[in-house]
Structure formats: structure tokens, C-alpha cells
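All remarks here apply to the structure that follows.
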Amino acid sequence: MNLVMTILMISLLLSAILATVAFWLPQMNPDMEKLSPYECGFDPLGSARLPFSLRFFLVAILFLLFDLEIALLLPLPWGTQLMEPTITMLMAVAILTLLTLGLVYEWIQGGLEWAE
């Protein structure tokens, strides 16, 4: 048996063992909170017209914005190895400057303060 088949068999066997243990090991004690389709703390069967804090929405948008920044800057180390890395660096600096100015604006407007 060659090395590739041995590694393949070991990884398949180990995956099957771990999947079986993960299926049989946990204790299943479901309660009403775990069986609820929503985990946000709201009653899913109550009124849908309850007031919702806009700050939760703003924090989520800010998180997505800065998460997107990481995704945009991820290829930067490879971009610096090009023949002309100045364009790549200028674009990265432009993205960081724009996001920094947005963060400063949010900070000045009080959008980052949780309690008033």
C-alpha cells in the first residue's frame, strides 16, 4: 500500500470516529430557549411591532464595514511584490484613510457611544 492510500485511509477512519463520537457524546437536554428558532432574545410569537434599538443595527453595520476592510486589504502582501507596488500601496492607503475618516466621523457624531 502506498503512502497516499495510507494517509487517505487514516484520515477517513479518523473522520468517521470523530463524527460518531460527536454524534453520541453530547447530552441532549433541549429546553424552550434552545428549541426557539430565534436567538436574539425577542419572543418569536409576540408582536412584531415592538421598538428595536437602532444602535444594534449601527454596531452591526460598523462591524461589517471593518470586516470588509480586512477582506479588501488581504491581498496587500502579494501586491507589494509587483513591479510597481506604488499603485497598490496608494489604493490601500486610500481605503484606510477613508475608513479612518468614517470612524472619526462616527466617533464625533456619538454613534459609538452605547449609553447616552
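Quick note: numbers below take in every heavy atom, side chains included, and nothing from hydrogens, waters or symmetry partners.
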Counting only pairs under 3.5 Å, give me each side-chain donor-acceptor contact of residues 99-110, with atom names and distances, residues two or more places apart or in other chains.
{"unit_1": "Thr100", "atom_1": "OG1", "unit_2": "Leu96", "atom_2": "O", "d": "2.6"}

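The distance from atom CG of Leu25 to atom CG of Leu18, rounded to the nearest 0.5 Å, is 11.0 Å. Atoms CG and CG, from Leu73 and Leu68 in turn, are 9.5 Å apart once rounded to the nearest 0.5 Å. Atom-to-atom distance recorded for Thr97:OG1 and Leu90:CG is 10.0 Å, nearest 0.5 angstrom. Summarising the geometry, atom CG belonging to Leu76 is positioned 10.5 Å from atom CD belonging to Gln81; distances are rounded to the nearest 0.5 Å.
A continuous path of ILVMFWY side-chain contacts below 4.5 Å connects Ile95 to Leu65, so both sit in one hydrophobic cluster.
Taking every heavy atom of both residues into account, Pro77 and Leu74 meet most closely at CD-O, 3.2 Å.
For Ile87, the CD1 atom sits in a loose shell: 12 or fewer heavy atoms of surrounding residues, nucleotides or ligands are nearer than 6.0 Å.
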